[in-house]
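Inspection log for the structure reproduced underneath, given as structure tokens.
Positions are given from 1, in the same order as the sequence printed here. One-based numbering, in listed order, for ligands and for the atoms of each. These figures come from a predicted structure and were not determined experimentally.
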Amino acid sequence: NRSSGKQGYAIAAALERCGAEVTLVSGPTALPAPAGVTRVQVGTADEMLAACHSALPVQVAIMTAAVADWRPAEAAPEKLKDKATRTAIELVANPDILAELSEAGPDRPKLVIGFAAETENLVDHARAKLTKKGCDWIVANDVGGTGVMGGDANTVTVLDAGGEDAWPTLSKDEVAERLVERIAVTLG
Ligand code: CTP
């Protein structure tokens, strides 16, 4: 799905500034790679999953990508010429990368952090995602209004097994700094 990548890139840069060794697995975006970060560029969910597995073992995995839920079942090698009669395209489900990394067995990162963009019932939906995907934290944001997608500010609530932490509206850089601080404290 379309995504500016701004929040993920801000987190990669903040982690690097704090001394972490960072692999940034990125879908298509016009953003430059942050200094000191190893960027792996991918074009599909399958490629993203493979790149994430190749990056293991890691202490922390932070999953900000807006992965499409489905992809076309077949990629046509040539232009489709049946547009007068074709009214549907068959879709198949993409892998859930966050859920797979959350069950990566002995290679599972100590901390797996997902994001959740919701348009209503933010906390309930985000908590359901935390359980369903088996990750440790969910950073949830309400994208019901305008301005978050592609913008520079973000209002998030961080959920874990212990409760919820509603942060004020911050720049995406500040959200990244604060998240990195929370990670550093948690990992001691
Ligand atoms: N995610 C993922 N792989 C997918 C879909 C989502 O890794 N195929 C990750 C996202 O990077 C994010 C989290 O799962 O960290 C939640 O993504 P979201 O799109 O909000 O959730 P979905 O599972 O697609 O749920 P829904 O569309 O029902 O809200």
Side-chain angles (χ1 to χ4, degrees), residues 1-12 14-15 22-29 31 37 39-56 58-73 75 90-105 107-145 147-151 154-161 164-167 172 175-176 178-180 182-183 186:
N1 293 322
R2 268 176 56 190
S3 165
S4 69
K6 284 180 182 173
Q7 188 62 79
Y9 274 57
I11 293 168
L15 283 165
V22 183
T23 302
L24 172 60
V25 178
S26 175
T29 166
L31 298 173
V37 162
R39 178 165 66 172
V40 181
Q41 289 177 284
V42 298
T44 68
D46 281 333
E47 288 170 12
M48 183 169 274
L49 176 65
C52 287
H53 272 300
S54 298
L56 298 179
V58 296
Q59 282 184 294
V60 189
I62 306 167
M63 316 296 286
T64 60
V67 186
D69 292 320
W70 300 282
R71 65 174 181 275
E90 194 189 337
L91 300 175
V92 293
N94 266 331
D96 189 319
I97 305 166
L98 174 60
E100 291 209 19
L101 282 201
S102 296
E103 349 172 298
D107 267 353
R108 186 194 191 276
K110 282 201 191 91
L111 209 47
V112 181
I113 304 172
F115 271 66
E118 304 293 346
T119 53
E120 22 115 50
N121 299 334
L122 179 77
V123 169
D124 288 351
H125 283 154
R127 187 153 295 287
K129 238 167 236 185
L130 184 75
T131 311
K132 188 176 89 181
K133 305 219 179 197
C135 56
D136 302 300
W137 302 353
I138 286 273
V139 181
N141 63 354
D142 191 336
V143 294
V148 174
M149 298 291 204
N154 214 354
T155 315
V156 306
T157 299
V158 182
L159 296 94
D160 59 21
E164 288 113 44
D165 216 353
W167 293 357
K172 288 182 178 174
V175 168
R178 210 158 153 161
L179 190 62
V180 169
R182 199 180 198 270
I183 291 166
T186 303

Could you tell me the residue and atom name of the protein heavy atom closest to atom 3 (N) of ligand 1, and the distance to it rounded to 0.1 Å? Ile97 N, 3.1 Å
List, one per line, each side-chain donor-acceptor pair under 3.5 Å for residues 113-124, sequence neighbours excluded.
unit_1: Glu118; atom_1: OE2; unit_2: Lys129; atom_2: NZ; d: 2.7

With distance as the sole test, does Ser26 use its side chain to make a donor-acceptor pair with the main-chain N or O of Gln41 at under 3.5 Å? no
Relative to atom 14 (O) of ligand 1, which among Glu100, Met63, Lys133 owns the nearest non-hydrogen atom? Lys133
When you compare ligand 1 with Thr64, is there at least one nitrogen or oxygen pair between them that comes in under 3.5 angstrom? no
With the threshold set at under 4.0 angstrom, would you say Pro95 reaches ligand 1 through any of its heavy atoms? yes
Is the closest N or O pair between Gly114 and ligand 1 shorter than 3.5 Å? no
Protein heavy atom at shortest distance from atom 16 (C) of ligand 1: Phe115 O, 2.9 Å
Between the main-chain N or O of Ser102 and the side-chain N or O of Arg108, is there a donor-acceptor pair closer than 3.5 Å? yes
As a check for students: among Ala117, Ala126, Ala65, identify the option with a heavy atom nearest to atom 11 (O) of ligand 1. Ala65
What atoms in ligand 1 come closer than 4.0 Å to a heavy atom of Asp69? 24 (O), 27 (O)
What is the closest protein heavy atom to atom 5 (C) of ligand 1, and at what distance does it sit? Val67 CB, 3.8 Å
Which atoms from ligand 1 have a heavy atom of Leu98 less than 4.0 Å away? 2 (C), 7 (O), 9 (C), 13 (C), 14 (O), 15 (O)
Nearest non-hydrogen contact with atom 29 (O) of ligand 1 belongs to which option: Lys129, His125, Lys132, Glu118? Lys129
